[in-house]
Structure formats: C-alpha cells, structure tokens
Amino acid sequence: MDYKDLANLIFPDAKEISYYEEKYPERNLPEGAIVTRFAPSPTGFVHIGGLYQALVARTVAKKTGGVFFLRVEDTDQKREVENGITGIVNSLKDFDMAPDEGMISETEEIGNYGPYKQSLRKDIYQAYAKYLLEQGKAYPCFCTPEELEETRKKQEIAKLRTGYYGVWAKCRNLSVEEMAEKIKNGENYVIRFKSPGREDRKIKHKDIIKGNVDFPENDLDIIIIKADGLPTYHFAHAVDDHLMRTTHVIRSDEWLSSVPLHLQLFQELGFKAPKYAHISPIMKNDNGGKRKLSKRKDPEAAVDYYKKEGIPAEAVKEYLLNIANSSFENWRKANPDKEIEEFDFQLNKMSVSGALFDMIKLLDIGKTVISKMTAEEVYEKSLDWAKQYDEELAEMLKAKEYALKVFGIERGNKKPRKDISKWADVKQNIEYMYDDKFYGKTQDYPYQVISEKENISKILKLYIEKYYDEKDDKQTWFDKIKALSVEMGYAVEVKEFKANPGKYKAHVGDVSTVLRVALTSRTNTPDMYEIMKVLGKDRVVKRLEKQIEANS
RNA sequence: GGCCCCGUGGUCAAGCGGUUAAGACACCGCCCUUUCACGGCGGAGUCAUGGGUUCGAUUCCCGUCGGGGUCACCA
C-alpha cells in the first residue's frame, strides 16, 4: 500500500488534474491585462467593504482590458442564507458593477471558467486533493473536534503556539496502512495539507498595497477538505484562482496573515501564485476607538442602506474611489464630466491603514453628483427611488411636465445649485411647489427683519397691485422689487444699507424675504424669479393674497 | 499571549532626508448688484512619543505607547 493506493481509496472517482488544466487554459488576453474577482459568501447582505473591494477589483480589471468575475464562496452551508446570491448579484447591479463572468442569478452563470459557485466544484477540489495525496503532500486526519480542543488546551497551558503542527500533528505520522485501516473502518476524517514549512524560517511577500512583509513560514497542517467533502477557504482559493486564471487577488486585509499558507499551497500544488493586494477595511469611530464597520451595529455597513436612503450609486462609488486613491478628487475636479472608468486608478497607491467612514463627505459628493444631472435625470432617478420608498413623493411626481419644470430651476447653469444630496431630500426640497402641500401645512411663517404685520401685508399688496407683471424679464422683475423697497423706505442696495446702518430699517433683501416667505413659506429657496415663473401668475397671486389676509 | 500591519489637522489624505508640510470635506470670517445654495478670498488646526543616524529628520533605525488584524472542519 502506498500513497497512490490511499488516494484511490479516498477519492476513487476523482479525475486527473490534467483534465482540468486543459479545460481551463490560460486566458487569451492582451499583455498586462489583469484578472480579478469578487468572491463573497452568500451569508447575508453585501457589506460596504465588500463593495469597496469589488469596485477596486473591477476598476483595475477594466483599466487593463482584463476580466472581473464573481465567484460565490458557499462552502460553509451552515452560514448560508436564502437568496444570498441574488442579493449579491442585485447589489452589484445597483452600482452598475455587473461582473464579466460568474454568477448572474441564484442558479445561472456566464463565462467559461465555471462553475462559479464553489459548492458545485466539489469534484475539482477533490481531484486536486487527490493529487496532493498521491504525492504524500496531504493526508487524512482522524482527530475529533474534542481531541483537537484538548491539544489546544495543552498548548495554551504550556504557552505554546496553538494549532496542528509538528509533534501535535498526530495523524501526520500514521502509516499508510493505518490510515487505510481507519478509513475502511468508517472513521470520520478530513484531509490535511502536509506543510513543508518551518516556523524558524522566514518567507518574504511583496504585497501590492502593504509592501514588503516578512512572515515566519507556515508549518500548520491545515484542513483542505472538510468532513463534508467541501474544501476550506484556503484550498478553494488556491484551486479556483489558479483554474480561473486570476492574476491579482484583491481582498480584505484580514487575509494578509494567511499569505504564507496560501503561497505554500500554490507552491506545492505546482501553481503560479497570483499577486496579492490586501485592502484595509473601512472603519468607524466608536467611542474614541476605531473599529470595522459592523453588519450588526451599523446600518451604513449594508450597501442596501445607500439605496434606501437614496444616495446615488455614483456618489457612493466616487466616495469609495476617493478613499482608495486620494488623487481621484483632484482628477474629478479637473475632469468633472468624465466617466469614473477613465480615472487612472493605481492599486499600489491605496492606503495601508483603514479609513474612517465619513458620511458627511459622502453626502457632499452626492450633492455634486446630483447637481450635474439634468432635470430629466433627476426626475427619473428620484421617481425610481420614490416608487420604492416614498409613495407620497411618487404621487407628487406623477405630473411629469410640471416636475421637470420644478427640477429645472437653477439647473444646467455653470454654477448649479447643490441642495439635494440624496433622493430622500427631494420631497422637502420641492414640497412648497405643490399647492396641496403648501396650503396643507399650518405653520408659523419665518418672517425675519420685516416682521410687522402691517408692513408685510402692505408690501405684498403693493407688489400685486402695482408691480407684479408675469411677463417681466428678470432684470425688470428685480428692478421692480427695488422700486418697491424704495417706496417702502428701505435701502435699495445691501451695500448702501451696510454703509448707513442707522438710516434704514431694512433693505431690498428683506423685502425679497417677505415675498419669498409668503410665496414658499420658507426663507431659503432657489431663485425666486424662476419659482414664480413655474408657479404662474394665478398661483402667485393666490399665495400672496392668502398672506395679506393672514396679516391683516 | 505569539505573529503581522498601521499611526501627518476633527475626517480622508499628498509628501518619503532640506517644503512657508499640498488638496478635499467639516468649521469660522469676508466678498459675490434679493435669501439660501453655488462660487471666490482668507483663517484656525497636524507630522503619537522617547532615543538614535545625519550638517539637517514628518521622511531612515530602535524602543515605548496607541489602534487594527490573525491564530476554526468560518470565510
């Protein structure tokens, strides 16, 4: 009995690895093309950190004419969640980041390097495990969880490194006959990798992001195939990224310390190792301390949160890209209208330490992103959002022509307004342009400097009777407000008012405020001239008259 | 605890032996022929700490402290 016989005993039906090597040949891509993947587990919603990794991975692949694929790592069936894959696929779609290859629904996939769902690749892993077994580079281990726990305790008491290595690796030195015997007796077992490493030797790793990192070699005989026949992450990573011809593994930096193991696995399997880029996680401030954004505690950790809040996907991507490469910001300033894809993203420029998540900055980017949209785009997107999350708004937006006019106010100028940072802001921003909302609310009107009732109604009355003409152009319209100010005895210029503070009680801006408040019930709105145009004469007069009445 | 990573203003960060230590968000002030917003100008605010090395350290080395990761039949 030798290793070969043992391998046959364990995996009698596994194919030769040459079969898979031929089935998944090197990719025929242009020089320098980078192949990356996003490889989440279907264990719940997509985390913002996951989206971040996916964005980075996709960006470098796109930039180099490579491939970005989605592989689902569902080797832990206990943690699996219903419709987990759908959630992942949809989240990527929401951010316009659909993969070139991989899963596209719960059961379907595209691409020639699949299956892209690990639970469907059992045969492949077993073929490679068999390959290692044949060479004596792997062995079955019969230790029970209880035994493992016991050795761990012993190690702890003796203040030794915990784990399955050296003298603690009991099954490592079983004879082939003993192993075969136990298997035939029906004992449960897993397959372990027989590590050739030594803890007292160093291994050098050059990470694209972290730079040079030296570790002790791995000497742990880690499990590669679990009792259920499925591989562990480490083994699946080596086999899959080799067969799928991944060139760059971009993943969260919690994997950094597994690099010695992974490199060893690639080596012993006879694979060429990919390049690694370990991304620092996105953090959050927690009572003065930093911690990773947590799925349980932080709603903003879930990518769906941004969708619900109506923060444009584009803004989230820009924000993330900004964390990834801070030069993005300057590039964006210089190229306000270019597509994100045109930015020359540099993997090696990514920060080595984790960034604190900054919602305020994100919302600021949201404002800029939305300010650049046309009225039509704003309309479509806020309607899409409203249909899902705000019925009332959806109802308001039914009258498309009118909504377009409202969204068109001060839009498209060289200096567009930036007052909407997310779709959830839209309603309160346009509410007063809708009569049922405007009249439906009882509220104290925030008149400011000019607050005496008689003056207010006098201004409004005068304006309607003497000055207001719907056909005026903007200059005439404003000249009339000035004339009204003069007639009321207020300063016609703010400058003049400031120069002679004792001389006037108020100025033209205060008169405008009275009109604005009467017309919209608020003190800050976009350009009043445009608002009045959109409202139209009848509605303007009606609103003003109502205030005259209220102030008489 | 072992191993590994990190530490520039409130936040994201450029800089990598000699700089008035960029820029962005936030904050404050001023300006911009109506408010708000935008925009412009200006302001406050930073190299964790102690030792080296050096003519000179934010930049290099070591220690300390602080933060993070990892040590599963989870990924």
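Since the structure is predicted, the reported quantities are computational estimates derived from the model, not experimental observations. Here is how names work: the chains are called A, B, and so on, in the same order as the sequence lines, proteins then strands, and each is numbered from 1.
A salt bridge links A/Asp527 with A/Lys474; the closest basic N to acidic carboxylate O contact falls under 4.0 Å.
Heavy atoms of A/Phe215 sit under 4.0 angstrom from primed sugar atoms or phosphate atoms, though from no base atom. Across all strands shown, A/Thr75 has heavy atoms under 4.0 Å from sugar-phosphate atoms exclusively, and none from any base. Within the nucleic acid shown, A/Lys202 comes within 4.0 Å of sugar-phosphate atoms alone, with no base atom in reach, counting heavy atoms only. If you check every strand for non-hydrogen atoms under 4.0 Å, A/Val190 touches a base. Here A/Gln155 lies out of heavy-atom contact (under 4.0 Å) with every strand. Here A/Glu254 lies in heavy-atom contact (under 4.0 Å) with a base.
In this structure, A/Lys226 reaches the B/A75 phosphate: one of its side-chain N or O atoms is under 4.0 Å from OP1 or OP2. For A/Lys78, no side-chain nitrogen or oxygen approaches OP1 or OP2 of B/C73 to under 4.0 Å. For A/Ser351 and B/A13, the shortest distance from a side-chain N or O to OP1 or OP2 is below 4.0 Å.
Across B/A44 and B/G9, the matching C1' atoms stand 10 Å from one another, rounded to whole Å. Spacing of P atoms, B/A26 relative to B/C12, comes out at 16 Å, to the nearest Å. Nucleotides B/U8 and B/A48 have their P atoms positioned 6 Å apart, rounded to a whole Å.
When base pairs are accepted only as Watson-Crick or G-U wobble with both N-N or N-O distances under 3.5 Å, RNA chain B takes part in stems of 3 or more pairs at B:1-7 with B:65-71, B:10-12 with B:23-25, B:27-31 with B:39-43, B:48-52 with B:60-64.
With sequence neighbours left out, A/Lys480 forms a salt bridge (Lys or Arg N to Asp or Glu O under 4.0 Å) with A/Asp472.
If you find the closest nucleotide of RNA chain B to A/Tyr319 and to A/Ser258, the one lying nearer the 5' end belongs to A/Tyr319.
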Practice task
Using a 4.0 Å cut-off on protein heavy atoms (strictly under), produce a 5'-to-3' string for nucleotides 34-47 of chain B with B for base contact, S for backbone-only sugar-phosphate contact, and - for none.
Solution key: BBBBBS--------
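A cation-pi arrangement is not found for A/Lys130 relative to A/Phe11, the charged atom failing to lie both closer than 6.0 Å to the ring centre and inside a 45° cone about the ring normal.
Side-chain contact check for A/Arg417 versus A/Ser371: every heavy-atom pair is 4.5 Å or farther apart.
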